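Written out below as structure tokens is the structure these notes cover.
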There are 4 protein chains.
Amino acid sequence: MTKQPTQQRARAKVRRILDTAKQLFLEGNYFEVTTNQIAREAGVSIGTLYTYFADKEAILAALLEEYDESFNDVFAHVDTQESFNLFRNDKKEWLGRLIDQLVNSEDRQFHLQIEMLARAVPAARQVQERHSERIKDLVHQCCLYYTNGGDVKNLKTLSTIIFDFTTALVDELLYTDHTSQERDRIRQSGIDSLTLIIERNIDQ
Amino acid sequence: MTKQPTQQRARAKVRRILDTAKQLFLEGNYFEVTTNQIAREAGVSIGTLYTYFADKEAILAALLEEYDESFNDVFAHVDTQESFNLFRNDKKEWLGRLIDQLVNSEDRQFHLQIEMLARAVPAARQVQERHSERIKDLVHQCCLYYTNGGDVKNLKTLSTIIFDFTTALVDELLYTDHTSQERDRIRQSGIDSLTLIIERNIDQ
Amino acid sequence: MTKQPTQQRARAKVRRILDTAKQLFLEGNYFEVTTNQIAREAGVSIGTLYTYFADKEAILAALLEEYDESFNDVFAHVDTQESFNLFRNDKKEWLGRLIDQLVNSEDRQFHLQIEMLARAVPAARQVQERHSERIKDLVHQCCLYYTNGGDVKNLKTLSTIIFDFTTALVDELLYTDHTSQERDRIRQSGIDSLTLIIERNIDQ
Amino acid sequence: MTKQPTQQRARAKVRRILDTAKQLFLEGNYFEVTTNQIAREAGVSIGTLYTYFADKEAILAALLEEYDESFNDVFAHVDTQESFNLFRNDKKEWLGRLIDQLVNSEDRQFHLQIEMLARAVPAARQVQERHSERIKDLVHQCCLYYTNGGDVKNLKTLSTIIFDFTTALVDELLYTDHTSQERDRIRQSGIDSLTLIIERNIDQ
DNA sequence: AATGAATGAGACTTCATTCAT
DNA sequence: TATGAATGAAGTCTCATTCAT
């Protein structure tokens with residue numbers, strides 16, 4: 001875990017190390033980036049890096065923690081009573097907001113890297129699983145709230161499907177090259193499809 | 001004359017190296033697996049490993065090639081005129097077969113590892129992109145065949161959506177723990193949802 | 001401020017590595033000397049060796065460069081107007097000085113090793129050729145200056161002969177065991193012979 | 001030492017191995033040529049190579065032995081009573097023949113490689129020293145015969161000088177690029193110079 | 001004899017981490 | 001605290017040599 005440096009310069013250094021590390025991890029990949037490289041590009045000595053981070057994995061852990069916090073912040077906007085009501089009244093708007101939150105979440109750029117590390121680094125897997133669980137649960141809660149407690153078994157299946165399809169849509173929007181027109185069309189078509197699925201499975 | 005058995009032994013050795021390597025890559029991760037480890041667990045000397053593979057990346061390349069071939073074999077069963085007709089007449093059956101092919105494809109277990117390597121290893125990225133393209137194209141062709149050449153722009157968007165959702169469903173079935181009952185329910189619900197999307201976008 | 005002593009230690013370490021390497025190359029031979037051996041005998045870790053030199057060949061390159069500089073320093077004393085005049089007035093003295101410079105050139109002990117490497121290592125060949133060219137050219141310039149521009153074609157042949165015989169004499173003095181009496185006699189006889197050749201070819 | 005294979009095919013194989021090895025040693029360098037490479041290019045299996053040669057150095061040893069024999073054959077033509085007489089009557093012709101013998105000696109192309117190996121491989125050094133000794137001795141004998149036992153001390157010095165200058169001339173003719181015109185001029189000028197030296201030191 | 005697949009010691013090199021200043 | 005030279009375990013790969021066929 002990161003020490004709590006009280007001095008501003010220290011904080012700035014930690015910041016620089018983390019930013020540089022994330023940048024390099026994104027450009028290349030965790031295993032091929034060296035600690036000396038991080039220190040050099042962050043403009044600190046390798047010794048300094050190691051006074052703030054116990055080892056290479058601690059840097060990754062700090063980054064994961066930040067990613068986790070950032071996700072939670074973003075998610076808090078969606079996981080509210082107001083959101084439940086919106087789901088009930090305007091599913092398309094609700095889906096649009098959820099997707100935009102996930103897409104725009106600054107740190108979500110880090111998502112792929114975490115997926116890649118999930119297998120090799122336990123901490124990464126934990127974060128990944130926690131987030132999946134949260135989104136899945138949100139979908140589940142919304143449906144539950146909407147139906148006033150309908151058939152739970154079907155709901156579990158439905159929320160899994162909705163979760164999978166939603167994140168697939170988010171990944172398509174994030175990681176594939178599209179013109180902004182195409183992107184809009186895909187986003188809209190995806191939302192329509194998801195709405196269709198939800199309505200067909202819950203209504204009546 | 002003595003050559004056949006020799007070649008067979010050589011082939012068996014290469015097989016063992018590749019199997020071991022894949023196994024280790026799956027358990028751990030390409031970057032943390034060492035060539036000596038592969039050789040040791042494959043029961044060959046490090047020298048032998050290097051008489052069959054130029055370097056560590058060549059092992060990965062061979063594995064990727066096999067994965068590619070395996071994918072092509074599996075895919076050939078789906079990419080036929082008969083398949084186009086099935087799509088027209090019974091979308092649920094068609095989707096079920098596609099999903100089962102992808103799920104059962106022996107080598108598809110290697111899929112996640114390739115996604116992880118896609119960023120770091122060009123060969124992995126190529127394989128990944130080629131396969132995505134093929135599936136996406138299949139969906140596109142089927143829809144095109146079905147509509148006798150309807151609005152192509154919408155088709156492009158639709159096939160992207162169908163592709164994304166289908167692979168998301170396959171990944172859910174492959175990589176998440178479920179009881180076989182849950183699995184069946186998710187599979188069926190996914191197929192129903194995909195059918196719904198297709199019909200709503202093409203019919204009328 | 002703390003930098004100077006650090007740099008000095010670094011310099012000393014590089015010096016020790018180079019000295020050890022040269023020593024080992026002279027005792028044995030470049031191809032059979034290992035980087036770990038150099039590091040061990042220089043009293044540094046293998047890691048340290050590689051922070052100062054990119055690879056084994058870089059050590060050789062540094063040694064070649066030093067040899068080159070040392071040669072140039074030595075040669076500057078001979079390649080002067082004063083030297084041209086001496087050549088005109090007292091060829092024996094001139095030849096004696098040239099030979100002594102080449103023999104005493106501290107680094108010339110490295111000469112044979114470079115000849116050996118010339119075939120295998122381009123950098124070694126370049127150094128060797130550059131030095132030959134310089135000596136050959138000096139002889140040529142001296143003769144030219146002496147004759148005020150006589151028959152150039154003959155001069156070219158003559159300076160080649162003088163160069164070859166002079167370096168052969170230097171090698172004999174350097175690499176063959178002799179009593180100092182023998183050495184003096186050979187040196188003197190060689191100088192006399194060279195003088196004889198020059199005078200017979202230029203005078204009258 | 002090479003086994004004495006009685007069968008022709010075996011002999012031919014040894015021949016091919018030796019020829020290939022020499023070729024490769026000349027192109028590259030002993031230390032960078034591998035035994036597998038020799039076997040491959042000689043068209044024999046590595047196993048066969050090792051049935052005829054105990055190890056890599058044994059190949060070199062055989063080559064050195066051949067070089068030695070070849071030198072002795074060539075030299076026998078020069079080291080005769082007739083030669084002594086020629087030396088007395090026509091030094092230029094005598095020198096010309098000696099130089100041509102050394103230059104044309106097919107195996108002399110191997111000379112540089114041996115010089116390079118002399119430091120690292122004792123057998124190479126021995127051959128080199130033996131040959132030097134023989135040439136030096138020939139010059140000495142000729143002078144001795146010519147003077148009917150003049151001042152021996154001076155003769156030793158003289159023969160050293162003549163030997164050094166002669167081999168320097170041979171090396172120049174062998175290893176430097178020249179037009180055949182230049183080559184002839186250098187050869188002639190070298191012979192003239194050597195003659196001059198001999199006559200000045202012995203006659204009167 | 002001949003083969004060439006197999007061996008493994010050991011070469012070169014990297015990089016996470018330490019520690020004296 | 002900050003530094004960065006120094007460390008050396010460990011990784012990738014080569015190649016002289018062996019041995020079962």
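Residue numbering restarts at 1 for every chain, and letters A, B, ... go by the order of the sequence lines. Just so it is clear, the structure is predicted and the values come from calculations on it, not from any experiment.
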So what does D/Val33 hit on the nucleic acid, given a heavy-atom distance under 4.0 Å: a base, only sugar-phosphate, or nothing?
sugar-phosphate
Check the orientation of A/His131 and A/Phe71. Use parallel for under 30°, tilted for 30 to 60°, and perpendicular for over 60°.
parallel
Would you verify whether the NZ or CZ of B/Lys56 falls within 45 degrees of the ring axis of B/Tyr30 while also being under 6.0 Å from that six-membered ring's centre?
yes
Once you round it to whole Å, what is the distance between C1' of F/dC15 and CG of D/Asp55?
14 Å
With a 4.0 Å cutoff (strictly under), does any side-chain N or O of B/Thr48 reach OP1 or OP2 of E/dA5?
no
Re F/dC15: Watson-Crick or G-U wobble partner, both distances kept under 3.5 Å, found to be E/dG8
Looking at the side chain of C/Thr34, which of E/dA11, E/dC15, F/dG8 is the nearest nucleotide?
E/dA11
F/dT14, OP1 or OP2 - any side-chain N/O from B/Tyr50 closer than 4.0 Å?
no
Protein-nucleotide distance (D/Arg11, atom CZ; E/dA1, atom P), rounded to Å
12 Å
Between F/dT1 and A/Thr51, is there an OP1 or OP2 to side-chain N/O distance shorter than 4.0 Å?
no
Round to a whole Å and report the spacing from CD of D/Gln37 to P of F/dT14.
13 Å
What integer distance in Å separates A/Asn36:CG from F/dG8:P?
17 Å
Where is the tightest heavy-atom contact between C/Ala120 and C/Phe31, given as atom of each residue plus distance?
CB-CZ, 3.6 Å
Between E/dG4, E/dA6, F/dG8, spot the one nearest the side chain of C/Ser45, thanks.
F/dG8
Closest non-hydrogen atoms of C/Lys13 and C/Thr48, given as atom of the first, atom of the second and distance, are CD-CG2, 3.7 Å
Among F/dA16, F/dT12, E/dA6, which nucleotide has an atom closest to any side-chain atom of B/Tyr52?
E/dA6
Selection from F/dT3, F/dT17, E/dA9 that lies nearest to any side-chain heavy atom of B/Ile46
E/dA9
Spacing of A/Ile38 atom CD1 relative to E/dC15 atom C1', expressed in whole Å:
12 Å
Residue whose nearest DNA chain F nucleotide is more 5′ - A/Gly43 or B/Ala54:
A/Gly43
Closest to the B/Val44 side chain: E/dT7, E/dC12, E/dT17?
E/dT7
In whole angstrom, what separates A/Ile59's CD1 from E/dT17's C1'?
12 Å
Taking a pair to mean Watson-Crick or G-U wobble geometry with both distances below 3.5 Å, E/dA20 pairs with F/dT3
Of F/dT7, E/dA6, E/dC12, the nucleotide closest to the side chain of C/Thr35 is E/dC12
Base partner of E/dA1, which must satisfy Watson-Crick or wobble distances under 3.5 Å
none
Just the rounded figure in Å: distance from P of F/dA6 to NZ of C/Lys13.
3 Å
Are the side chain of B/Gln113 and the backbone of B/Phe25 linked by a donor-acceptor contact shorter than 3.5 Å?
yes
Between B/Glu66 and B/Arg15 (salt bridge meaning N to carboxylate O under 4.0 Å), is one present in this structure?
yes
5'-most by nearest nucleotide on DNA chain E - D/Arg9 or A/Glu57
D/Arg9
Calculate the interatomic distance between C/Leu49 atom CG and E/dC15 atom C1'; express it in whole Å.
16 Å
